[in-house]
**Q** 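Following this message is one structure expressed as structure tokens.
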Amino acid sequence: MFDEYLARRYRTTTRPKKEHYLVKDSAAIVGIGATEFSKDSGRSELQMVCEAVKAAVDDAGLQMEEIDGFVRFEMDYTDEMHICSSLGIPKLTYFAECGWGGGASCSTIVHAAAAIAAGVAECIVCYRGMNEASGRRYGRIPGTPSIMTAPRDHFGSILPFGHCTPPGWVAMFASRYLHEFDATAEDLAWVSVVCREHANRNPNAIFYDRPLTVQECVEARMIIEPLRLYDCCVDTDGAVAIIVASAEKAKKLKQKPAYIVGATQGNATEGELMTSYYRPVISGLPEAWYTGQELWRVTGAIPSDVNVAQFYDAFSPLIPMQLEEYGFCDRGKGMDFCRGGDRIRLGGELPCNTSGSHLSEAYLHGMNLIAEAVRQIRGTSTAQVKNAELSLVTGGLGIPTSAILLRN
Amino acid sequence: MAIDSIKDKAAIVGIGVVDFSTDIGRTEWYTACQAIKLAAEEAGVNIDDIDGMVKSVDDGPDPTYTGKGLGIDNLLYHSENHWGTSAMMNAVHAVAGGLCNYCVYYQTAHRASGPEKCISDFLVAREFRDDSLDMVRYDYFSPFGLIGEPGYVAMMYRRYMHETGIKPEQLGWVPIVASENAARNTNAIFFDKSITIDDYMQSKLIADPIRELDCAPKVDGSIAIVITTPERAKALKQEPVIINSVASGYALEGQNYTSYTRDVITDLPEMENMAKELYRVGGMGPKDIKVAMLDDTFAPYVPMQLEALGFCGKGEAPAFIEGGDKIRVGGQLPVNPDGGEIGQGRFITTRIVEAVRQIRGTSTNQVANTDTVLVASGAGGPADGMICRKE
Amino acid sequence: MSVEYNADQKIPHPAMWGVLYKSSTPFWDGVKEKRVMLQRCKSCGYWLNPPRPMCPKCRSQESEWVAAKGTGKIYSWVTFNESPHSAFKTPYEAVLVELDEGPRIVSNVVGINSDELEIGMPVEVTFEDVAEDLTLPKFKKVG
Amino acid sequence: MVMEYNPKIPTLRPYIDPDNQGFWDGVREHRLVIQKCKDCGLVIHRPRPMCPRCLSTEREWTPSMGKGVIYAYVNVIYQNAGYPGIKAPYSVVVVEITEGVRILANLYDIEPEGVRIGTPVEICFDDIADDLTLPKFKRLNS
């Protein structure tokens, strides 16, 4: 009954040639800076972003004048002009934006690496600052729909039905995923428990001092069926800044560079802002599948080479779904991969979300995951994986997404 | 294996223009898909081969919606940029860096008939913005009635008149030349014959010293541009227009149109920084440019750009534009032969379309043997520019 | 001439939006106490106008709010013949005043009609209660 | 269980533009209509300007019986995670109708606890306000 054109087809003919992919090994992440993660920062997002950028510049051992590029989230409320006026950055030769909320996390690195590979800039700052906990919470009620007509038409098709918050949007995918692979709430609980274990080793995490058991997860308050309280990420006030520099410059700087082997984006048709319920199958994430296929193609790596992964986990079902889409296990086997938590725990086959990530450390639209991936390569993580050579980070789900692969 | 510069690493192979009007009667999603379909047909590129989409943030539906409307699956690269046509830089990086084969830059804006568009204009409720640039305007300017872009530009232009002594009769030549060129351009709907200096002087002073004719009128329209590498462009239908270089410019204490806190507020430091980078990467100078497509959303920015981009010395711009002879087609430096935004309505991508037509030789107002064209956008705020040349 | 307002319309004012941690709050608190407050970097004295969390020159985060004397010169002005907001009756002027301390702020004039206005004209601040919850700093001729 | 709307917080209205005008006009007249491409006959929901398969802009609205099964559902339990104007708990469902398209809507007469994937349902229309009619799904032949 569904037309074959809608079936998932992976474009094999007109891909760019592998050797034309200049981003490989031409840029590296040299600096990470973050503010504290809290429930009430007591200051403006602009101030937190300035602090994060300053911390990242000091971490990299750079001078503020050496920054000549900025990449921001389209959703971010702080403009790079205002930040540069506060930090005294005299000259920018590159400034870009990435749309789609969490999906933009790794695509900020895609833009930065592409600009550096094209020789347009040397040091580019990617940042995200949010007062989600104390200020305005995204998705409480989207308020006035944004002014571009296509999303207005989209908001207009869901808001009248009270379907107006991200937990609801992702719960619709999860309801289908749990149904098709007959998984239970207890399976989901293992994902949150493992993330919390890792957060209990990370003093920066919001839930650093609060352990979590599977029993607590299963009996937690129901938010939007089938998602319970601990299946949802922790709203946070905070800011993270990441500095990407060219490979030659990275060698001369203070920290051990995390070289960018590949940085790709993915976008599938019939898509909407987290409500793409009109595809033949909605228990999968085609955007993540396309991103993964392109990532493995241009980097030449295969999923089993990856030593540590930071999956975007705004909600717990997204981790098993991504394990399938990025090729770590077969379709529908994501839950079995996570059951018991042994394979995704530190020391397991593929340690995931080693900083506690969105479920337990902080929800900063994926930028705190990139910071953790860089720490794994540097060997300074609180849940350090032994000889971590390849570190994967993925972007937001339900929307066009992105992913990056880092190496030492 | 980075490359040292993006000189001549991309080419424009197709342009699609949807009819400009003041009441287009279709949604932006409709005209965006239409423009991309036209551009792909003109370039001879199959719609399914398009694997990259870039756009300006304010104008048009997101790449996902446009991809959904056109049935394009698996976009490898998508990006949006806030300021002017700086998204073209992302397209050039994506194509040059091998991230995608065919990247489409599209802009769709229905400012005349559509909902209030301008994000930074006060009319759009902004209650959720935190401490960002636009909040500065609402905290410090709006209680005193300084609202709307004509007002912001007028505050700066008053100071420019004081410091350079430019007369309204001199600035009037920018809209006059624009109306002459627009009269010959079928896509420009706001002038069917040239205006005179008296028409300009009688134009209403909406925000003294800015007149109504100094501002680009609102228009509905949609444009798409297909970009790919010069090698791949050889196999396509149209004669490729090589992108010699692309650059963006920024300067300290900058704001969009309201940089009042600088020592000198009557020049465009962003445009100067962009021009230095543009000429350095492209290996060109102001002398090599045959046609200049300048940002004339507001007329006072045209003389300021002539100085910032090095086409004339500091303070010489008022004399340069007086009489209009130097900036007419056939003059020393033809400016906006298609009538610019004052003639066609506020739509920044019309400059790139005209640059492509000038180089292909298919413009309604063709300048003889044009081989290099400079396009500049974002006057008054973060600037971006591009130089394209014949193959 | 000074600005006239349409009674039924609400004058746009930052307090209208419940946005937390705004950097302009000290300015408007100062206006309530009939003083023009300006932000300055504690370590190098660079005027942070518009206010911001960090000083671009020395990048220190310590800043202080100082009361300006309130005298300055007209740096530029706009006469609105077409009103961009329903609260303002046309024609009215918005002026950019360069305070003697250096920074420039946007304001309105009181008791100066448009043909008297010229660049460099000395002015001094006066406070006008334009609405029950809103006082605005405006500028009038010196003396 | 009929959903309770709080009049003090009005329900947000759908955004009607030339592309989805036909669908919402049909809803106001208590008819479910789906967009169909005149050239290649592709039936597709969430109305859009162009047929994604043959890129023609000629389209028409075909009436639909509105019979189908619940394909996926969510039950909003925690009031803050839902719309304050609608009293929780309420459910939002994606129904796959026989024409092969899916529609997002609320349920009319099924309690949130009783919602199952696969339950047969049919369309009905709820006039919430004089300018707002929303499609909903109720149990088949009930």
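Lettering follows sequence order; numbering is per chain, from 1.
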**Q** Could you tell me which of I89(A), I116(A), T264(A), V110(A) has the largest number of non-hydrogen atom pairs under 4.5 Å with chain B?
**A**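 Ranked by contacts with chain B, first place is I89(A).
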**Q** For Y127(A) and F70(A), take the angle between the two ring planes, folded into 0 to 90°, and tell me which bin it lands in: parallel under 30, tilted 30 to 60, perpendicular over 60.
**A**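 If you compare the ring of Y127(A) with that of F70(A), the planes turn out perpendicular.
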**Q** I need the residue from A96(A), A104(A), G119(A) with the largest number of non-hydrogen atom pairs under 4.5 Å to chain B.
**A**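 Heavy-atom pair counts peak at A96(A).
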**Q** Report the option among L99(B), N46(B), V246(B), N273(B) that has the most heavy-atom pairs separated by less than 4.5 Å from atoms of chain A.
**A**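 Result: the option with the highest number of such pairs is L99(B).
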**Q** Using non-hydrogen atoms and a 4.5 Å limit, figure out which bit of A263(A) sits close to chain B: side chain, backbone, both or neither.
**A**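 A263(A) touches chain B through backbone heavy atoms alone.
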**Q** Could you look at A247(B) and say if it's the side chain, the backbone, both or neither that has a heavy atom under 4.5 Å from chain A?
**A**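 Neither; nothing under 4.5 Å.
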**Q** In terms of heavy-atom pairs under 4.5 Å with chain B, which of E97(A), K91(A), E248(A), H20(A) leads?
**A**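 Option with the greatest count: E97(A).
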**Q** Among A268(A), C98(A), G99(A), P90(A), which has the most heavy-atom pairs under 4.5 Å with chain B?
**A**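 Looking at each option in turn, the highest pair count goes to P90(A).
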**Q** Can you classify the ring geometry of Y65(B) versus W29(B) as parallel (below 30°), tilted (30 to 60°) or perpendicular (above 60°)?
**A**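 The rings of Y65(B) and W29(B) stand perpendicular, inter-plane angle above 60°.
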**Q** Within 45 degrees of the axis of the six-membered ring of Y102(B) and under 6.0 Å from its centre: does R232(B) put its NZ or CZ there?
**A**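 Relative to the ring axis of Y102(B), which defines the angle, R232(B) lies inside both limits.
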**Q** Does one side chain, of Q265(A) or S402(A), offer a donor that lies under 3.5 Å from an acceptor on the other?
**A**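 S402(A) and Q265(A) do not have a side-chain donor-acceptor pair below 3.5 Å.
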**Q** Will you find, in the side chains of S222(B) and Y106(B), an N or O donor that is under 3.5 Å from an N or O acceptor?
**A**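 The criterion, which ignores hydrogens and geometry beyond distance, is not satisfied for Y106(B) and S222(B).
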**Q** Please identify, among G271(A), A247(A), S107(A), the residue contributing the most non-hydrogen atom pairs under 4.5 Å to chain B.
**A**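 Heavy-atom pairs under 4.5 Å are most numerous for G271(A).
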**Q** Under a 4.5 Å heavy-atom cut-off, does chain B meet the side chain of E19(A), its backbone, both or neither?
**A**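 The backbone, not the side chain.
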**Q** Pick one of side chain, backbone, both or neither for A383(B), based on which atoms fall under 4.5 Å of a heavy atom in chain A.
**A**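 Only the backbone of A383(B) comes within 4.5 Å of chain A.
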**Q** Who among G67(B), S86(B), G249(B) has the most heavy-atom pairs with chain A under 4.5 Å?
**A**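 Most pairs with chain A among the choices: G249(B).
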**Q** Looking only at heavy atoms and a cut-off of under 4.5 Å, which of T66(B), D4(B), N90(B) has the most pairs with chain A?
**A**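 The candidate making the most pairs under 4.5 Å is N90(B).
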**Q** Is the distance from the ring center of Y94(A) to that of Y250(B) below 6.0 Å?
**A**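 Centroid separation for Y94(A) and Y250(B): 6.0 Å or greater.
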**Q** Could you tell me whether the side chain of V54(B) reaches within less than 4.5 Å of the side chain of Y77(B), counting heavy atoms only?
**A**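 Of all side-chain heavy-atom pairs linking V54(B) with Y77(B), at least one is under 4.5 Å.
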**Q** Is the closest side-chain donor-acceptor distance between T64(B) and D62(B) under 3.5 Å?
**A**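 Not at all, the side chains of T64(B) and D62(B) share no donor-acceptor pair under 3.5 Å.
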